[in-house]
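We use all heavy atoms of the structure for the numbers below, so side chains are in, but hydrogens, waters and symmetry mates are not. Computed from a prediction, not measured in an experiment: that's the story for all the values here. Indexing begins at 1, ligand by ligand and atom by atom, following the structure's order.
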Amino acid sequence: RGKRMEDHLRFAVCYWHSFVWTGLDPFGGETFLRPWFTGGSPMELAVRKAEAAFDFLSRLGVPYYCFHDRDVAPEGATPRESLSNFRHMVEHLAAHQQRTGIKLLWGTANLFSHRRYMAGAATNPDPEVFAMAATQVKAAIDATLQLGGENYVLWGGREGYETLLNTDLRQELDQLGRFLNLVVDYKHRIGFTGTILLEPKPREPTKHQYDFDVATVYGFLKRYGLEKEVKVNIEANHATLSGHSFEHEIALAQALGIFGSLDMNRGDPQLGWDTDQFPNNLPETAIALYSVLQGGGFTTGGLNFDAKVRRQSIDPTDLFHGHVGAMDLCARALLVAARMIEDDRLAKAVRERYAGWRTSFGRDALEGRLSLEALSERVLSRNEDVTPVSGRQEALENLVNRYI
Ligand code: ASO
């Protein structure tokens, strides 16, 4: 639809998995001994990390990257020191972007790692924590604007609860709604024209995450009057953890008018948590990207590889293999998705299935212009039962495999 294939290759590398994560898991410590993890002050290490990151991004030839405030600059001893560290590093990032031509797909603030956020950030009962979260988000939006970022993401890592016995659910949801309204208000006041994206995730880290899935987020946005202001960043592994498929979440967001951007990765079907593996399944990815193309592709969003090499893959070249393989897979999946669209057999099957919409009775009935009485009168005057039409699922699924 007026777009070239290259327009969809809006690939981004995430700072946190590639340059920050040390290989630490609940059972063991660091496994990646990167040169920017030790041997200098925290700010010296942040500078070295940014150099290594842009060296990697340039060699990979990727157009975009994404970061959290705390990925790029260390937390200071005080809020002012943290802000000054961050601002200093944003200058470095600006210079690297200028030199390499690499752009920022989105910025964000880490409101989940520090202990102050253990009981939530925007939903925390302590107003000082709420204010601290606001301080971080303000600085991160300022940085995103300064760096020409195309979107700003909020993933509510700790916005949820473990037990209702210490939780006022209504109050916490209201706080989250107010916080997001403050963010949207600020965005307009400073002239940030990028898209604000909320990222749904269920079950982890808190048991009951408020932004469980796309449907939940839409209900939340409606309630707080934000459905025209905020879109979603959908992650593959978050979709499957909520019991949905990735393409379901994409298609639903498009249907509701809140589709924004994607975090590409893959969960492990045997494991019930967020494993953030590189996507490596062609049919699965093709069907997801088919949904994206059907909805018209991306406007400000893209495909951020929110994926990490496993902790044994300690050789720096493993990071290239992970990204090269995943980008190659997504490029191939886009070609498969384009073939699914061009062939027209799938679209034709859908057109035929919804043929009833194109009759005058169909439009009146399905667009809600006929009352229950009128519908009932029609059925009783025709006095014929309905003959069901085959859904043809098997034929269509077989067809998809032939495009690969
Ligand atoms: C890390 C999470 C990821 C999210 C990012 C932004 O793993 O899903 O996109 O933070 O906060």
Return a table of donor-acceptor pairs under 3.5 angstrom between the side chains of residues 103-110 and protein atoms on other chains or two or more places apart.
{"from": "Thr108", "atom 1": "OG1", "to": "Val153", "atom 2": "O", "distance (Å)": "2.6"}
{"from": "Asn110", "atom 1": "OD1", "to": "Phe112", "atom 2": "N", "distance (Å)": "2.9"}
{"from": "Asn110", "atom 1": "OD1", "to": "Ser113", "atom 2": "N", "distance (Å)": "2.9"}
{"from": "Asn110", "atom 1": "OD1", "to": "Ser113", "atom 2": "OG", "distance (Å)": "3.4"}
{"from": "Asn110", "atom 1": "ND2", "to": "Ser113", "atom 2": "OG", "distance (Å)": "2.9"}

- [ ] Give the ring-plane orientation class for Phe179 versus Phe130, where under 30° counts as parallel, over 60° as perpendicular and anything between as tilted.
- [x] perpendicular

- [ ] Measure up the Phe19 and Tyr15 rings against each other and bin them: parallel (under 30°), tilted (30 to 60°), perpendicular (over 60°).
- [x] perpendicular

For ligand 1, list every N/O pair with the protein closer than 3.5 Å, one pair per line with the distance.
{"from": "ligand 1", "atom 1": "8 (O)", "to": "Glu199", "atom 2": "OE2", "distance (Å)": "2.7"}
{"from": "ligand 1", "atom 1": "8 (O)", "to": "Glu235", "atom 2": "OE1", "distance (Å)": "2.7"}
{"from": "ligand 1", "atom 1": "8 (O)", "to": "Asp306", "atom 2": "OD2", "distance (Å)": "2.9"}
{"from": "ligand 1", "atom 1": "9 (O)", "to": "Glu199", "atom 2": "OE1", "distance (Å)": "2.5"}
{"from": "ligand 1", "atom 1": "9 (O)", "to": "Glu199", "atom 2": "OE2", "distance (Å)": "3.1"}
{"from": "ligand 1", "atom 1": "9 (O)", "to": "Asp263", "atom 2": "OD2", "distance (Å)": "2.8"}
{"from": "ligand 1", "atom 1": "10 (O)", "to": "His68", "atom 2": "NE2", "distance (Å)": "2.9"}
{"from": "ligand 1", "atom 1": "11 (O)", "to": "His68", "atom 2": "NE2", "distance (Å)": "2.7"}

Task: Those residues that, when tested against Lys308, pass salt bridge (Lys or Arg N to Asp or Glu O under 4.0 Å) (two or more places apart) - done: Asp276

Task: Residues that Asp343 engages under salt bridge (Lys or Arg N to Asp or Glu O under 4.0 Å), provided they are two or more places apart - done: Arg345

Task: Exercise: do Glu51 and His92 side chains pair donor with acceptor under 3.5 Å - done: no

